[in-house]
Amino acid sequence: MSRDYVIEPFHAAVHLQIDYAHELNPQQLAAVTAPPGPALVIAGAGSGKTRTLTYRVAYLLEQGIPADRILLLTFTNKAAGEMMRRVADLLGHELRELWGGTFHSIGARILRSHADLLGYRRDFTILDRDDSKDLIKACIADAGIETKGTHFPKPEVLNEIFSLAANTHKPTDDILESQYDYFSQFAAPIADLAQRYIKRKRTTNAMDFDDLLALWLKLLQEHADVREHYQRRFQFILVDEYQDTNKLQSDLVDLLAGRHHNVTVVGDDAQSIYAWRGANFANILEFPKRYPGAKVFKIETNYRSTPEILKVANAAIAANRNQFTKQLAPARKSGLKPALVACMDAAQQSAFIAQRVLELRDEGTSLNQIAVLYRSHFHALELQLELTRRNIPFSITSGIRFFEQAHIKDATAYLKLVVNPQDEIAFKRLAQLLPGIAAKGAEKLWKIFSAKLVNVAQASSPAGSPGVSPGNPTGDKASPQPAVETTAPQAVAAQSLAVALQACAKSVPAKAATAWAQFVATISQLEDKSVRQSAAKMLRLVIDAGYDDYLKENFANYRNRQEDLDQLAVFAFQFNSVEDFLTQLALLTNVEAEHDQAANRDTEQLRLSTIHQAKGLEFDAVFVIMLCDGLFPSERTLSADEGEEEERRLFYVAITRARNELYLIYPLMRASFGGSGGDAMQHPSRFLSEIPGDLLNEWNLRSPY
């Protein structure tokens with residue numbers, strides 16, 4: 001007969017040096033001082049999430065939990081460092097023993113100790129994205145896959161597919177079906193490459209970023225002794241931004257917490273907006289199911305926004321069925337009602353924002369504390385134009401600037417070359433898009449093309465007329481000039497650019513022969529008078545004539561880039577000529593470069609940002625633009641499972657960035673895709689209709705004329 005006998009740990013009287021009841025509100029205090037066991041802390045926007053997590057760590061330490069028995073997992077090194085610094089400040093001493101960092105950094109630390117169990121040496125290399133791309137390229141060569149003329153995905157895209165498969169715990173076939181269906185015919189070779197890539201990494205003693213999670217999980221799943229060691233070690237586990245975790249990360253947390261079950265996860269289900277990069281919304285929603293008996297704490301007091309803004313935020317998220325219901329409660333005094341602004345079109349929307357921003361600045365709000373937020377980067381095209389005209393400084397935090405993105409520069413390079421056949425940069429850029437042509441090859445082709453262009457221009461001059469020669473671009477007999485190897489753009493007759501390109505065909509590498517023929521055909525179509533007069537028509541032709549396939553092969557976010565180009569074509573309709581369009585793009589690009597330099601001088605700048613990149617930030621005044629159905633919510637995302645609910649959460653995130661003033665704006669008309677350049681009526685976003693009218697102040701715009 002056996003008997004279980006539990007030895008209760010001795011606890012000396014605890015003398016807390018922090019007055020938690022004084023430092024925290026009642027909801028925060030309840031979460032911070034929760035007894036051991038699983039806990040889900042739903043921390044609403046602006047409610048002091050970081051403060052709650054920081055004080056929870058301090059409280060555990062003051063209860064006598066050794067620092068090296070606590071694991072704090074975050075999504076950025078900055079967040080981990082900030083929280084550990086705050087805890088150290090609270091307790092008055094450093095916490096070097098505390099395990100705190102990102103999932104990936106903790107994974108790397110553990111794998112360094114146990115890599116041999118997985119067939120690696122402990123001095124393994126961690127690959128960056130370029131390294132991974134090169135290794136995948138080597139795997140393609142080993143597999144003998146013929147990529148020429150097949151539209152097979154490039155290594156960068158394959159890397160993204162493999163990454164999503166790893167982080168979502170799904171086979172590559174599932175990833176192709178859900179996100180890359182245009183590569184479905186390559187499912188078998190892609191699956192084979194995934195296995196080759198895994199073997200190649202092990203052979204070269206290298207791990208990529210995703211392996212730091214995947215192999216960490218594999219280590220714990222397959223080696224019971226290691227799993228038990230870390231389960232015993234980490235008595236308390238705390239996870240920040242839990243709503244952003246993927247399947248891999250939640251599985252890791254569940255395994256590590258398998259012995260003590262003392263896991264506290266903090267997050268806001270209403271701010272889960274990263275499903276497109278693998279975040280699993282079900283992790284936070286189903287936490288109480290996975291941890292029976294888990295306590296759920298809601299922190300709903302908001303210290304950021306006025307009561308009027310919070311009422312709109314609560315109404316905006318209310319329609320979501322899958323959520324932990326909560327009501328943000330204000331800690332601040334009353335302010336202005338958020339404004340609902342209907343504009344005639346995108347131009348008036350931009351004019352309104354520019355004027356109101358200047359008024360706010362005159363009223364004492366710094367430009368640095370004003371933000372314009374949007375669903376997609378192209379929504380701010382007209383606004384950038386208006387701000388540039390009015391000389392209002394702005395910065396863009398939506399990744400690479402719109403006009404500097406590779407696909408935008410590629411597409412406009414076609415237009416530049418047709419307008420100015422002597423544009424060396426445009427020619428070389430387009431040449432290097434073709435297989436087998438790199439910088440040296442493009443340089444060689446440029447020299448051949450330049451000579452061919454001169455010959456074609458001379459041959460196209462009418463017989464017996466003075467014509468236009470390379471050395472006499474004006475055709476003036478009285479002003480002879482020395483001969484040169486270039487010719488003025490106006491000297492090139494219609495179709496002569498395509499003729500000159502065709503004459504270069506014999507000098508093109510064999511690998512690029514078919515693509516070069518397509519390139520010549522595209523240029524010929526662009527030179528046709530029916531197309532040449534419209535930048536919008538030219539851009540549509542470029543997309544349809546093969547560049548769309550190039551996007552699929554080379555960019556993991558193909559659909560976003562395709563949407564950018566579609567909208568650039570719509571934007572181009574407003575210009576009278578192709579030359580005007582290219583001039584304006586050049587001006588905007590140069591202004592953007594100047595803005596970059598100004599930012600380094602710490603000057604005041606209006607902030608333009610996608611909502612995804614604004615998460616975690618706050619501003620005195622926020623303008624949310626292009627609130628039209630099909631734009632926000634995005635038409636493309638609505639077709640996905642739970643797509644509308646994620647879009648509504650994104651809208652909620654946008655609203656809760658505002659401290660004092662909020663403007664919800666939509667245009668009634670917008671240029672259409674039809675090709676004629678006509679305007680199309682817009683329907684206000686369905687999200688606006690879910691907000692009771694008495695919570696908003698409608699602004700009626702009018703012209704003084």
*Asks:* Does the side chain of Asn246 pick up a donor-acceptor pair with the side chain of Asn280 at under 3.5 Å?
*Replies:*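 No, Asn280 and Asn246 have no side-chain donor paired with an acceptor closer than 3.5 Å.
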
*Asks:* Please walk me through it: do Arg375 and Glu635 pass salt bridge (Lys or Arg N to Asp or Glu O under 4.0 Å)?
*Replies:* CA-CA 11 Å; Arg375 173 63 181 83; Glu635 184 175 5; over 6 Å; no

*Asks:* Report yes if the side chains of Thr245 and Phe75 come closer than 4.5 Å at any heavy-atom pair, otherwise no.
*Replies:*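 When only atoms from C-beta onward are counted, Phe75 and Thr245 do touch, with a gap below 4.5 Å.
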
*Asks:* Excluding sequence neighbours, so at least two apart, what forms salt bridge (Lys or Arg N to Asp or Glu O under 4.0 Å) with Asp580?
*Replies:*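 Testing Asp580 for salt bridge (Lys or Arg N to Asp or Glu O under 4.0 Å), a comparison that skips the adjacent residues, returns none.
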
*Asks:* Kindly write out the residues that satisfy salt bridge (Lys or Arg N to Asp or Glu O under 4.0 Å) with Glu241, not counting sequence neighbours, or none if the list is empty.
*Replies:*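 So Glu241 forms a salt bridge (Lys or Arg N to Asp or Glu O under 4.0 Å) with Lys49, Lys615.
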
*Asks:* May I have the step-by-step check of side chain to side chain donor-acceptor pair (under 3.5 Å) for Gln605 and Asn368, ending in yes or no?
*Replies:* CA-CA 5 Å; Gln605 292 180 304; Asn368 294 329; over 6 Å; no

*Asks:* Output all residues satisfying side chain to side chain contact (heavy atoms under 4.5 Å, CB included) with Ser305, sequence neighbours left out; order by chain, then residue number.
*Replies:*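 Checked Ser305 against side chain to side chain contact (heavy atoms under 4.5 Å, CB included); matches are Asn302, Ile309, Leu310.
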
*Asks:* When you look at CD of Glu363, are more than 12 heavy atoms from neighbouring residues, nucleotides or ligands closer to it than 6.0 Å?
*Replies:*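 Count over threshold, so yes.
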
*Asks:* Please report the shortest heavy-atom distance between Asp240 and Ala79, naming the atom on each side.
*Replies:*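 Minimum heavy-atom separation between Asp240 and Ala79: OD2-CB, 4.5 Å.
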
*Asks:* Quick check against the 3.5 Å criterion: does Glu647 have a side-chain atom that pairs as donor or acceptor with the backbone of Thr637?
*Replies:*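 The answer is no, because no donor-acceptor pair under 3.5 Å joins these two groups.
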
*Asks:* Decide whether His377 and Asp564 meet the rule of one side-chain donor and one side-chain acceptor closer than 3.5 Å.
*Replies:*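 Side chains of His377 and Asp564: no pair found under 3.5 Å.
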
*Asks:* Got a donor-acceptor contact below 3.5 angstrom from the Ser376 side chain to the Phe378 backbone?
*Replies:*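 Answer holds: no.
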
*Asks:* What pairs of residues pass the side chain to side chain donor-acceptor pair (under 3.5 Å) test when at least one of them lies in residues 333-347, not counting sequence neighbours?
*Replies:*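 Passing the test, one end in residues 333-347: Glu308-Ser334.
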
*Asks:* When rounded to the nearest 0.5 angstrom, what distance separates CD1 in Ile273 from CG in Leu650?
*Replies:*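 Here the rounded value is 5.0 Å.
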
*Asks:* Donor-acceptor pair, Arg657 side chain versus Val653 backbone, under 3.5 Å?
*Replies:*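 Looks like yes, one N/O pair under 3.5 Å.
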
*Asks:* Without swapping roles, check the side chain of Asn557 against the backbone of Asn560 for a donor-acceptor pair under 3.5 Å.
*Replies:*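 Absent.
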
*Asks:* Find out whether Phe183 and Val157 are in side-chain contact, i.e. whether some heavy atom of one side chain is under 4.5 Å from a heavy atom of the other.
*Replies:*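 Yes. Closest side-chain heavy atoms under 4.5 Å.
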
*Asks:* Sequence neighbours left out, what passes salt bridge (Lys or Arg N to Asp or Glu O under 4.0 Å) with Glu300? Give chain and number order.
*Replies:*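 In terms of salt bridge (Lys or Arg N to Asp or Glu O under 4.0 Å), with neighbours along the sequence ignored, Glu300 is linked to no residue.
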
*Asks:* Over all heavy atoms of both residues, which pair between Leu627 and Phe632 is shortest? Give the atoms and the distance, please.
*Replies:*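 Minimum heavy-atom separation between Leu627 and Phe632: CD2-CD1, 3.7 Å.
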
*Asks:* Within this structure, what is the CZ-CZ distance for the pair Arg129 and Phe209, rounded to the nearest 0.5 Å?
*Replies:*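 Here the interatomic distance stands at 10.0 Å.
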
*Asks:* Between CD of Gln243 and CD1 of Ile42, what distance do you get to the nearest 0.5 Å?
*Replies:*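 Here the interatomic distance stands at 8.5 Å.
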
*Asks:* Between Ser634 and Leu631, is there a donor-acceptor pair closer than 3.5 Å when you use the side chain of the first and the backbone of the second?
*Replies:*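 The answer is no, because no donor-acceptor pair under 3.5 Å joins these two groups.
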
*Asks:* Could you tell me the separation between the CD atom of Gln384 and the OG1 atom of Thr388, rounded to the nearest 0.5 Å?
*Replies:*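 Taking CD in Gln384 and OG1 in Thr388, the distance rounds to 7.0 Å.
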
*Asks:* Which atom names give the shortest non-hydrogen contact between Met626 and Ala346, and what distance separates them?
*Replies:*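 Residues Met626 and Ala346, closest heavy atoms: CE-CB, 3.7 Å.
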
*Asks:* Taking atom CD of Gln682 and atom CE of Met669, what is their separation to the nearest 0.5 Å?
*Replies:*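 Nearest 0.5 Å value for the CD-CE distance: 8.5 Å.
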
*Asks:* Residues two or more places apart in sequence or in another chain: which of them pass side chain to side chain contact (heavy atoms under 4.5 Å, CB included) with Arg659?
*Replies:*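 With sequence neighbours excluded, Arg659 shows a side chain to side chain contact (heavy atoms under 4.5 Å, CB included) to Arg304, Arg332, Gln369, Glu618, Asp620, given in chain and number order.
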
*Asks:* State which residues pass side chain to side chain donor-acceptor pair (under 3.5 Å) with Gln249; sequence neighbours excluded, sorted by chain then number.
*Replies:*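 By the side chain to side chain donor-acceptor pair (under 3.5 Å) rule, Gln249 matches no residue at all.
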
*Asks:* Using atom types as modelled and distance alone, determine if a side-chain donor or acceptor of Tyr180 lies under 3.5 Å from a backbone N or O of Ala556.
*Replies:*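 Pair found, side chain donor or acceptor close to backbone of Ala556.
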
*Asks:* Who are the side chain to side chain donor-acceptor pair (under 3.5 Å) partners of Arg429, not counting sequence neighbours?
*Replies:*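 With neighbours one apart ignored, the set is Asp410.
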
*Asks:* At what distance, to the nearest 0.5 angstrom, does OH of Tyr414 lie from CG of Leu539?
*Replies:*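 Rounded to the nearest 0.5 Å, the OH-CG separation comes out at 11.5 Å.
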
*Asks:* Let's go through Phe103 and Val239 carefully: what are the C-alpha distance in whole Å and the side-chain angles of both, what is the deciding distance for side chain to side chain contact (heavy atoms under 4.5 Å, CB included) to 0.1 Å, and is it a yes or a no?
*Replies:* CA-CA 9 Å; Phe103 278 90; Val239 186; 3.9 Å; yes

*Asks:* Name all residues meeting the side chain to side chain contact (heavy atoms under 4.5 Å, CB included) criterion together with Glu553; count only those two or more places apart in sequence or in a different chain, and write none if there are none.
*Replies:*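 For Glu553, the residues satisfying side chain to side chain contact (heavy atoms under 4.5 Å, CB included) (neighbours in sequence not counted) are His151, Lys154, Asp549.
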
*Asks:* Who pairs with Ala331 by side chain to side chain contact (heavy atoms under 4.5 Å, CB included), at least two apart in sequence or on another chain?
*Replies:*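 Ala331 satisfies side chain to side chain contact (heavy atoms under 4.5 Å, CB included) with Thr301, Tyr303 once adjacent residues are dropped.
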
*Asks:* Does the pair Leu373 and Thr610 meet the rule for a side chain to side chain contact (heavy atoms under 4.5 Å, CB included), with working shown?
*Replies:* CA-CA 5 Å; Leu373 305 182; Thr610 59; over 6 Å; no

*Asks:* Is any side-chain heavy atom of Val622 closer than 4.5 Å to a side-chain heavy atom of Glu661?
*Replies:*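 No; the side chains remain at least 4.5 Å from each other.
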
*Asks:* Hey, are Glu642 and Asn322 close enough side-chain-wise for a donor-acceptor pair under 3.5 Å?
*Replies:*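 Looking only at side-chain atoms, Glu642 and Asn322 do form a donor-acceptor pair, the distance falling under 3.5 Å.
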
*Asks:* Do the side chain of Gln323 and the main chain of Asn320 share a donor and acceptor less than 3.5 angstrom apart?
*Replies:*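 At least one qualifying donor-acceptor pair exists.
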
*Asks:* Would you be so kind as to tabulate the donor-acceptor pairs closer than 3.5 Å made by side chains of residues 689-696, with sequence neighbours excluded?
*Replies:*
from	atom 1	to	atom 2	distance (Å)
Ser689	OG	Arg686	O	2.7
Glu690	OE1	Arg648	NE	2.9
Glu690	OE2	Arg648	NH2	2.8

*Asks:* Are the charged groups of Glu82 and Lys78 less than 4.0 angstrom apart, N to O?
*Replies:*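 Salt bridge absent between Glu82 and Lys78.
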
*Asks:* Any side-chain to backbone donor/acceptor pair from Ser163 onto Glu160? Under 3.5 Å, distance only.
*Replies:*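 No; judged by distance alone, with no hydrogens or angles, the pair does not exist.
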
*Asks:* With side chains defined as the heavy atoms from C-beta onward, is the minimum distance between Tyr242 and Val266 less than 4.5 Å?
*Replies:*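 The answer is no; the side chains never approach within 4.5 Å.
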
*Asks:* Determine the minimum heavy-atom distance between Ala406 and Tyr547, stating which atoms define it.
*Replies:*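 Nearest heavy atoms, Ala406 then Tyr547: O-OH, 4.2 Å.
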
*Asks:* Are any of the side-chain nitrogens in Arg540 or Asp544 under 4.0 Å away from the carboxylate oxygens of its partner?
*Replies:*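 The answer is yes: the pair qualifies as a salt bridge.
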
*Asks:* Does Ile408 reach the side chain of Leu568, with side-chain heavy atoms less than 4.5 Å apart?
*Replies:*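 Yes, close enough: below the 4.5 Å cut-off.
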
*Asks:* Can you tell whether the side chains of Lys326 and Asp268 come within less than 4.0 Å, N to carboxylate O?
*Replies:*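 Yes, this pair counts.
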
*Asks:* Judged by atom type as modelled, is there a donor-acceptor pair below 3.5 Å linking the side chain of Tyr666 to the main-chain atoms of Cys343?
*Replies:*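 No; zero donor-acceptor contacts below 3.5 Å.
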
*Asks:* Hey, are Asn283 and Ser250 close enough side-chain-wise for a donor-acceptor pair under 3.5 Å?
*Replies:*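 Short answer, yes.
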
*Asks:* Taking all non-hydrogen atoms of both residues, which atom of Ala316 and which atom of Ile655 are closest, and how far apart?
*Replies:*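 In terms of heavy atoms, the two residues are closest at CB-CD1, 3.7 Å.
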
*Asks:* Can you name the closest pair of heavy atoms from Asp269 and Arg649 and give their distance?
*Replies:*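 So the minimum-distance heavy-atom pair works out to O-CD, 3.1 Å.
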
*Asks:* Okay, side chain of Tyr274, backbone of His612: is any donor-acceptor separation there less than 3.5 Å?
*Replies:*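 It does hold such a pair.
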
*Asks:* Should the heavy atoms of other residues, nucleotides or ligands under 6.0 Å from CZ of Arg361 be counted, would the total exceed 12?
*Replies:*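 Counting other residues, nucleotides and ligands, CZ of Arg361 stays at 12 neighbours or fewer.
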
*Asks:* Test: ring pair (Phe, Tyr, Trp, His ring centres under 6.0 Å). Region: residues 316-367. Which pairs qualify, not counting sequence neighbours?
*Replies:*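 Counting only pairs at least two positions apart or across chains, the ring pair (Phe, Tyr, Trp, His ring centres under 6.0 Å) contacts touching residues 316-367 are Phe352-Trp699.
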
